[in-house]
Amino acid sequence: MSSGPATTPDLPIEAVLPALAERLAERSACVLVAPPGAGKTTRVPLALLDAPWLAGRRIILLEPRRLAARGAAERMAQTLGERVGDTVGLRVRLGSKISARTRIEVVTEGVFTRMILDDPELVGIGAVVFDEFHERSLDADLGLALALDAQGALREDLRILVMSATLDGARVATLLGDAPVIESEGRAYPVETRHSARDPDQRIEQAMTDAILRALRADPGSVLAFLPGQGEIRRVATLLADRIDAVTHVAPLYGALTPAEQDRAIAPAPPGRRKVVLATSIAETSLTIQGVRIVVDSGLSRVPVYEPGLGLTRLVTARASRASVDQRRGRAGRTEPGVCHRLWAEAATNALEPFGRPEILAADLSGLLLDCAAWGVADPTTLAFLDSPPAPALTEARAMLRALDALDADGRLTPMGVALRALPLPPRLARMVVQAAAHGRAREAANLAAVLVERGLGGDAVDLGDRVERYARDRGPRAQDMRRLADGWAKQAQTFARAQRDAGADFSEAGPLLALAYPDRVARARGRDGEFVMANGRAGRLDPALPLAREAFLVVADLVGTAANARILAAAPIALETIEALFPERIASVTQVAFDKGARALRARAQRRLGALTLGERILPVPPDADSAVILANGIAELGLSVLPWTPALSQWLARLRFLRAADSTWPDLSDAALGATVTDWLAPEIVGRASLDAITADDLGCALQALLPWDLRARLEIEAPTHFEVPTGSRIALDYESEGGPVLAVRVQELFGLERHPAIAGGRVPLVLHLLSPASRPIQITRDLPGFWRGSWSAVRSEMRGRYPRHPWPEDPVAEPPTRRVKPRGT
DNA sequence: CTCTCCCT
């Protein structure tokens, strides 16, 4: 291996600079792929400065982070022996250093998007250089799409250079019109990679703790460990505390720490001591930790998943990408050769996604859509994006911007949209500030917006009123910077403000202000345990010990977690009267009819609703309409159809039809399941105007059942399955169709005297099951063969019965005897 | 099992 960067001042990138200059002289776009340590960020812009095609115009260098932008500007200025603001300038949100002499402007990606939207011709600019493009931020993707559009339509002479560390350069080159790709060597010390697959039953915290302790014993130097999030970092720190030696210091490192805490975490260990830094993906790029020789990588990272439809983002723990784990490994070889321990089997590396998911595929696109509309493009998918913005997120963004009144029906910018774009804030918050300005509260709204966009400003209390108050008392440099910015937003918003009628809300308070930005996240308490339901239908919870948890209504600004378990991170209370005053056109009056199972009756309520949220309700008489009847019918079906007012005749009717259906499927299916599934069709029309089960009569049920039988089958029913059977005495006896063996005719035996043939129905096809009864209607015999009975067991029955009922006829030959229906004994 | 990171 060659010697390291410390001993060789010439950087690997120098070797490709002549080729790069040559390509850019003849082509308008170029891709430069160079791994970390190549020196591209600082060397390339300076090398292009004297190119003839630049003709004295400026170069814009895009960096993904303010820290990186400041560092690049400082190093380039130093190379020239100048200060930032001379030849090399800087333009970031908080503070710009630009002068008339400036030829290279280092800007953050978001700044460039605004620059090109304000000046699509990019007057005075000869080249735009995208650095760290492999990070694929939303702003970089949008900035490149807009720059390509401008180049094609207005500025064919504009040079576009895309620089990237690990990118698949060919894809970008295609996007840039088959631009040439130049590759450079990187420079890093060798890093030995060791794999050890984790026992799947072991928790990641335990595996990481064991691996760190092993690594400390095996090699000298400090350790940088990558974990997915704060929770894991805290738990590993606790586990390590019991088992680590006194000369080794454990330092957590993640984004939510204050800058001072972060500085302490990345400071080198004192001589003779070692350090274990437990970090999130924050340590993959942008900050270097001195003295790290050992990296231990869990292979996991926490990534956001945007849910269009709810307009919310939740976090999931996922395997880190191949690019990400390689980047992590590289952190061990920054200053000397190192070791990287990976907590997975070597073969699993090939199964990793090659790159992390580009932000444009998993983000809220409302800002992007608004910017595109300002560019004159209503459909962003017509621009040259490396990955096209996904349709569901665009649909959601379009709906939100329409609701904010920022776009018209054709997707063009409205005057409100112009006003929102003038504020460098997310569209919802911009709308809040503009609308508050119309009521003379621009300053209050801008301060609330500041607390919402700058993480940690005003602390992390859930109650945003508390955060605004703390921020107002904060005299630190960051708070002062943000106050200057917020003042600018407020002034800008006031230029668009036209005095409006009284809104009936006090916009000096956080809750009413927030409602302007998040009308869909107005929430109502459900129960007492800090549970709230929002107008968008989703629920979230608060620590029940917080005073905020006792409020009836909140506006939720931020929450995390899965749909089933979302935690509210920022909110402010709002009064019911304020909600009613703010959203008269959004609040709908809904009459709701529901079946009360306990009372077995319908209940009607008039509800005032904001989306999924019920603001108030009162009891109403049940409307006697078809809709109510359907709800009652379905409620009854849930209880079971046996609760209906069945009479013996209706039960028999049903049994007759089921009997026929069993043999012949031209008859309708009237099983319990089929009837229950179709109550809307047959029961509901006959119970219109009924408000409870008790109000339904047997007649209602009869009419409803009749409707189940087509006209042409009604006459056949009487023939095939008659209700009664006429015996020789002339008695019409009801048949029982519910018996399992078939339809039953139960009759006193004397009424059958003279009958030679067995009685049958259904055109003689189905013999009845005869239940022969004594004069006292006690069962004597069951038979399906009456002639056989007369010939056979009748004589035995006769001898027994004659003794018990001596005054009734028990003839020797029943076929020859006249039938009788007399029950009373013959005269005495 | 209380939040990844970044920007106008």
Side-chain angles (χ1 to χ4, degrees), chain A residues 62-69 91-96 107-118 132 135-143 203-206 226-236 238 252-257 262 279-287 298 300-306 312-318 320-321 324 327 356-359 362-364 367-368 370-371 374 420-427 429-430 449-450 453-456 460 462 482 485-486 488-489 492 530 540-543 546 558-562 565-570:
Chain A
L62 274 65
E63 292 294 329
R65 283 168 290 283
R66 293 200 288 258
L67 204 70
R91 214 190 273 269
V92 294
R93 182 174 79 175
L94 292 170
S96 292
V107 307
T108 37
E109 290 160 347
V111 168
F112 175 70
T113 307
R114 296 194 81 79
M115 284 172 74
I116 191 169
L117 283 164
D118 290 343
E132 314 282 7
E135 293 193 14
R136 297 294 310 281
S137 74
L138 191 57
D139 281 323
D141 276 1
L142 176 59
R203 293 191 53 154
I204 187 68
E205 289 90 343
Q206 192 60 54
F226 285 98
L227 285 155
Q230 267 183 57
E232 290 85 353
I233 287 174
R234 259 198 312 274
R235 287 188 290 273
V236 170
T238 308
L253 175 61
Y254 44 85
L257 296 176
Q262 289 185 6
T280 60
S281 54
I282 191 174
E284 267 176 39
T285 51
S286 61
L287 40 85
S298 68
L300 300 173
S301 53
R302 204 103 74 209
V303 292
V305 177
Y306 180 66
L312 286 171
T313 301
R314 67 190 170 86
L315 290 170
V316 297
T317 306
S321 70
S324 184
Q327 181 74 28
R357 172 179 283 235
E359 196 182 358
D364 170 12
L368 176 139
L370 195 64
D371 285 342
L420 299 194
R421 277 218 57 255
L423 298 181
L425 286 169
L429 296 182
V453 298
E454 188 71 12
R455 184 168 58 170
D460 57 2
V462 177
M482 289 305 295
L485 272 180
W489 304 339
Q492 185 66 254
R541 70 190 155 72
L542 277 175
D543 177 354
L546 289 174
D558 197 11
L559 75 169
V560 289
T562 59
N565 190 22
R567 198 165 54 92
I568 295 169
L569 298 178

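Keep in mind the model is a prediction, meaning the values are calculated, not measured.
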| query | Starting at the 5' end of DNA chain B and moving along, which residue's nearest nucleotide shows up first, Arg235(A) or Leu425(A)? | reply | Arg235(A)

| field | Asp141(A) CG - dC6(B) P separation (whole Å) | value | 18 Å

| request: Please determine if Glu135(A) and Arg65(A) form a salt bridge, counting it only when a charged side-chain N lies under 4.0 Å from a carboxylate O. | output: yes

| task | Select from Arg203(A) and Gln230(A) the residue whose nearest nucleotide in DNA chain B is closer to the 5' end of that strand. | result | Arg203(A)

| task | State whether Arg93(A) places a side-chain N or O below 4.0 Å from either non-bridging phosphate oxygen (OP1 or OP2) of dT8(B). | result | yes

| dT4(B), dT8(B), dC6(B): which one has an atom nearest the side-chain heavy atoms of Thr108(A)? | dT8(B)

| Should Arg302(A) and Glu232(A) count as an ion pair when the cut-off is N to O under 4.0 Å? | yes

| request: Quick one: label Pro304(A) by what it contacts on the DNA or RNA (base, sugar-phosphate, nothing), any heavy atom closer than 4.0 Å. | output: base

| In whole Å, what is the span from the CZ atom of Arg136(A) to the P atom of dC6(B)? | 19 Å

| query | So what does Val303(A) touch, heavy atoms closer than 4.0 Å: a base, only the sugar-phosphate, or nothing? | reply | nothing

| field | Side-chain heavy-atom pair Pro426(A), Val453(A) within 4.5 angstrom cut-off | value | yes

| Taking everything shown except Asp460(A) itself, do over 12 heavy atoms lie less than 6.0 Å from its CG? | no

| message | In this structure, how many angstroms lie between the C1' atom of dT8(B) and the CE atom of Met482(A), rounded? | response | 11 Å

| Closest to side chain of Tyr254(A), choosing from dC5(B), dT2(B), dT8(B) | dC5(B)

| Touch class at under 4.0 angstrom, heavy-atom based, for Thr280(A) against every strand present | sugar-phosphate

| Over how many whole Å does the gap from Asp558(A) atom CG to dT2(B) atom C1' extend? | 13 Å

| message | Side chain of Arg302(A) only, heavy atoms from C-beta on: which candidate in dC1(B), dT4(B), dT8(B) is closest? | response | dT4(B)

| remark: Out of dT8(B), dC6(B), dC7(B), minimum distance to the side chain of Ile282(A) belongs to dC6(B)

| query | When all nucleic acid strands are considered with a 4.0 Å heavy-atom cut-off, which category describes Leu138(A): base, sugar-phosphate, or nothing? | reply | nothing

| said: Side chains of Trp489(A) and Leu425(A), heavy atoms from C-beta outward: is any pair under 4.5 Å? | reply: yes

| said: Could you tell me how far apart Leu253(A) (CG) and dC5(B) (C1') are, to the nearest whole angstrom? | reply: 12 Å

| message | Taking Glu454(A) first and then Arg93(A), would you say they form a salt bridge - that is, a charged N and a carboxylate O separated by under 4.0 Å? | response | yes

| request: Taking only the side-chain heavy atoms of Arg66(A) (C-beta and beyond), determine which of dC7(B), dC5(B), dT2(B) contains the nearest atom. | output: dC7(B)

| task | From the options dT2(B), dC7(B), dT8(B), select the nucleotide whose nearest atom is closest to the side chain of Pro426(A). | result | dT8(B)

| query | Quick one: Glu135(A) CD to dC5(B) C1', roughly how many Å, whole number? | reply | 9 Å

| request: Give the rounded distance in Å between these two atoms: CH2 of Trp489(A) and C1' of dT8(B). | output: 9 Å

| task | Would you mind reading off the distance between Glu454(A) atom CD and dC7(B) atom P, rounded to a whole angstrom? | result | 9 Å

